[in-house]
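Everything on this sheet refers to the single structure shown next.
From a predicted model like this one, the values you see are computed outputs, not experimental measurements.
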Amino acid sequence: MTLPLLRKISYILLTAVFLVCSFNAFSIVRAQYKTTQALPRNEKLPLFDPHRRSFTCEIEVTRVPPVDAQAEKWFLEAQALDEPDAWEEDRDYKKIVLLARQAAERGHWKAMLNLASLYLEHRDPPQGEMEALALVEQAMRLGVPAAYDRMGTYYMNSIGVSSDVTRAHAFWQKAAEMGNPQAMAYLGDMIAATWNNPSEGFWANIPIATKMLECAMSQGYGPAAYTLARLRGWPRAADGKIGGSRTSETRALAQITLHKGVSVGCSECARSLSGEFRNPHDLEDMLVPHLDEARSARYAVLHNALNLNPLLRFPNLDKVLPLPPAPLSPWDGDKQTLIDAAKGVTARPTEPKASAASQRQGRHYLDPGYNLIPSEDKAGETEAPFAKYWQATAPVESAHLKARFPDADFTHDKDCS
């Protein structure tokens with residue numbers, strides 16, 4: 001075989017090998033691209049529309065998957081260990097992470113999102129952003145509205161993904177449409193302005209803002225009440241322009257909205273009402289019917305409590321801090337007493353302490369007031385020193401004793417030793 005022919009064959013073989021390798025490489029890249037595009041983070045969503053004409057109120061709890069009892073038990077235990085009231089150094093994050101992971105592995109969607117937050121807080125190195133992102137996407141695949149809200153936050157803050165404000169708003173819009181109250185409140189606040197200013201990120205779409213905020217409030221999301229009270233207190237046209245002066249009816253509605261917000265965890269609502277009852281901006285146009293230092297002080301206590309622990313809820317608020325004209329119930333000024341009363345917490349009665357006599361006699365709950373007085377003339381360790389005990393007691397009406405013991409002699413100077 002001649003040399004030129006061999007060269008030609010070699011070139012053909014090399015070209016074939018190159019083409020095959022190139023095709024395989026292209027196939028791998030294409031498969032990886034398709035896999036990446038199929039990830040929930042890359043879901044194609046409609047752009048955020050601040051001027052939308054309609055909005056349907058969906059309820060988040062109707063859209064989330066069920067959780068089993070064991071996973072819920074682990075989740076609640078982890079949540080209790082991570083209470084905001086506890087000092088950070090006192091929290092056992094190793095156990096918190098373990099419990100959250102166990103619950104997440106059993107499909108508990110709240111545990112998935114909490115575990116993602118723990119990873120971002122570096123509570124379980126080397127788990128980090130990518131592991132948190134994977135957990136959120138797992139919850140998205142389950143159809144959890146809150147997971148779409150979280151993904152919007154990740155895009156806004158460049159957590160595990162490249163920063164993309166447009167995609168962030170698209171995910172928040174999707175979360176709101178699915179029923180997530182946090183996304184509704186956030187977007188509702190953005191479109192509750194008095195004019196449009198896209199460069200600053202706010203618009204005027206009062207009808208839709210009101211629907212979103214009302215839907216969020218109906219699900220017990222307190223922070224939505226603050227903006228909603230503003231919309232209810234100052235009448236607005238659809239384009240955001242103030243439609244007139246406040247009336248007694250709109251003031252009352254705004255006050256009720258803020259008060260309801262406090263009961264479901266709105267710290268700003270409590271701060272606002274505290275200020276209105278103590279020092280309103282305009283005495284001639286104040287929101288509340290009259291100044292009231294006592295009510296202001298109570299709202300201030302609840303405001304501070306919610307700042308420390310946003311998870312607090314006050315279902316008993318109307319009993320300890322009713323709106324005027326209902327009178328206020330008595331309060332001793334102790335802050336924790338007020339907070340517990342608003343929470344509806346009943347203090348556990350203190351356990352009786354064992355007295356020295358009860359320990360000797362084996363009666364743990366004998367009140368210390370009934371201690372037997374020691375005496376030298378007792379016959380044994382388990383017998384009461386009757387003589388000294390009799391002399392130590394206060395005088396008793398003999399008629400009462402005779403009625404119970406008719407045959408006994410109750411003369412006080414009788415020698416009973």
Side-chain angles (χ1 to χ4, degrees), residues 39-65 109-114 116-117 120 132-133 135-161 163-193 198 200-231 257 260-261 264-269 310-311:
L39 292 172
R41 74 188 77 165
N42 295 317
E43 182 177 338
K44 295 186 181 300
L45 299 172
L47 295 176
F48 170 59
D49 180 11
H51 305 294
R52 62 189 300 159
R53 297 296 184 87
S54 63
F55 179 77
T56 302
C57 178
E58 297 286 346
I59 306 301
E60 185 171 52
V61 294
T62 66
R63 304 288 296 269
V64 296
W109 64 271
K110 288 184 181 180
M112 293 175 192
L113 299 182
N114 280 13
S117 295
L120 294 180
L133 182 65
L135 283 167
V136 172
E137 289 189 304
Q138 184 181 351
M140 289 173 69
R141 292 188 182 95
L142 296 175
V144 175
Y148 280 82
D149 175 68
R150 185 71 64 89
M151 185 58 70
T153 302
Y154 283 9
Y155 269 108
M156 177 60 75
N157 298 306
S158 187
I159 299 174
V161 292
S163 178
D164 192 328
V165 176
T166 299
R167 287 189 66 79
H169 284 77
F171 274 106
W172 286 328
Q173 179 174 256
K174 173 71 172 179
E177 291 171 346
M178 294 173 71
N180 178 252
Q182 288 82 0
M184 290 181 203
Y186 184 75
L187 296 181
D189 186 64
M190 290 176 60
I191 61 176
E200 295 294 328
F202 61 83
W203 297 265
N205 188 351
I206 305 305
I208 301 304
T210 302
K211 286 184 177 180
M212 285 186 172
L213 293 165
E214 287 178 342
C215 187
M217 267 288 289
S218 72
Q219 299 184 63
Y221 186 62
Y226 188 70
T227 303
L228 183 59
R230 178 160 52 86
L231 296 182
T257 303
K260 174 63 176 176
V264 288
C266 177
S267 174
E268 284 300 297
C269 296
L311 299 178

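At least one donor-acceptor pair under 3.5 Å links the side chain of Asp49 to the backbone N or O of His51. The main-chain N or O of Arg41 is found under 3.5 Å from a side-chain atom of Glu137 such that the two form a donor-acceptor pair. Side-chain N or O atoms of Gln138 include none that pairs as donor or acceptor with a backbone N or O of Leu133 at under 3.5 Å. Counting only distance, with no hydrogens or angles, the side chain of Glu268 and the backbone of Pro223 share no donor-acceptor pair below 3.5 Å. Listed for the Asn205 side chain is a donor-acceptor partner under 3.5 Å among the backbone atoms of Arg52.
Across all non-hydrogen atoms, the minimal contact from Ala229 to Thr257 is N-CG2, 3.8 Å. Minimum heavy-atom separation, Arg150 to Ala116: NH1-CB, 4.2 Å. Shortest non-hydrogen contact noted between Val165 and Met156 is CG1-CE, 3.9 Å. Taking all atoms of both residues into account, the shortest heavy-atom contact from Ala225 to Cys269 is CB-SG, 3.8 Å. For the pair Gly152 and Ala168, the tightest heavy-atom approach, listed with the atom from each and the gap, is O-CB, 3.2 Å. Between Glu60 and Pro145, the shortest heavy-atom distance links the atoms OE2-CB, 3.4 Å.
Between Val136 and Tyr154 there is a side-chain heavy-atom pair separated by less than 4.5 Å. For the pair Trp172 and Met151, the minimum side-chain heavy-atom distance is 4.5 Å or more. Side-chain contact between Arg63 and Glu58 is present, with at least one heavy-atom pair separated by less than 4.5 Å. Looking at Trp109 and Pro65, their side chains come closer than 4.5 Å, going by heavy atoms from C-beta outward. Under the 4.5 Å side-chain criterion, counting only non-hydrogen atoms from C-beta, Gln173 is not in contact with His169. Inter-residue side-chain proximity for Arg141 and Pro40 is flagged as met; some heavy-atom pair is nearer than 4.5 Å. Counting heavy atoms from C-beta outward, Glu43 and Tyr148 have side chains that approach closer than 4.5 Å. Counting only heavy atoms from C-beta outward, the side chains of Tyr221 and Val264 never approach each other to under 4.5 Å.
Of the inter-residue distances, the one linking Cys57 atom SG with Gln219 atom CD reads 6.0 Å to the nearest 0.5 angstrom. Put simply, CG on Leu135 and OG on Ser117 are 10.0 Å apart, with the number rounded to the nearest 0.5 Å. Rounded to the nearest 0.5 angstrom, Asp149 CG and Leu113 CG are separated by 9.5 Å.
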Throw together a table of side-chain donor-acceptor distances under 3.5 angstrom for residues 182-192, partners on residues two or more places apart or in other chains.
residue, atom, partner, partner atom, Å
Gln182, OE1, Asn180, ND2, 3.0
Asp189, OD1, Thr227, OG1, 2.7

Next on the checklist: The test is side chain to side chain contact (heavy atoms under 4.5 Å, CB included); show your working for Asp164 and Ser158 and say whether it passes.
Outcome noted: CA-CA 8 Å; Asp164 192 328; Ser158 187; over 6 Å; no

Item to check | Test log, rule side chain to side chain contact (heavy atoms under 4.5 Å, CB included), inputs Lys211 and Ser54 | outcome: CA-CA 9 Å; Lys211 286 184 177 180; Ser54 63; 5.6 Å; no

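Between Phe48 and Trp203, the ring-plane angle classifies as perpendicular under the 30° and 60° cut-offs.
Partners of Phe55 by ring pair (Phe, Tyr, Trp, His ring centres under 6.0 Å), not counting sequence neighbours: none found.
Counting heavy-atom neighbours within 6.0 Å of Leu311 CG, excluding the residue itself, gives a total above 12.
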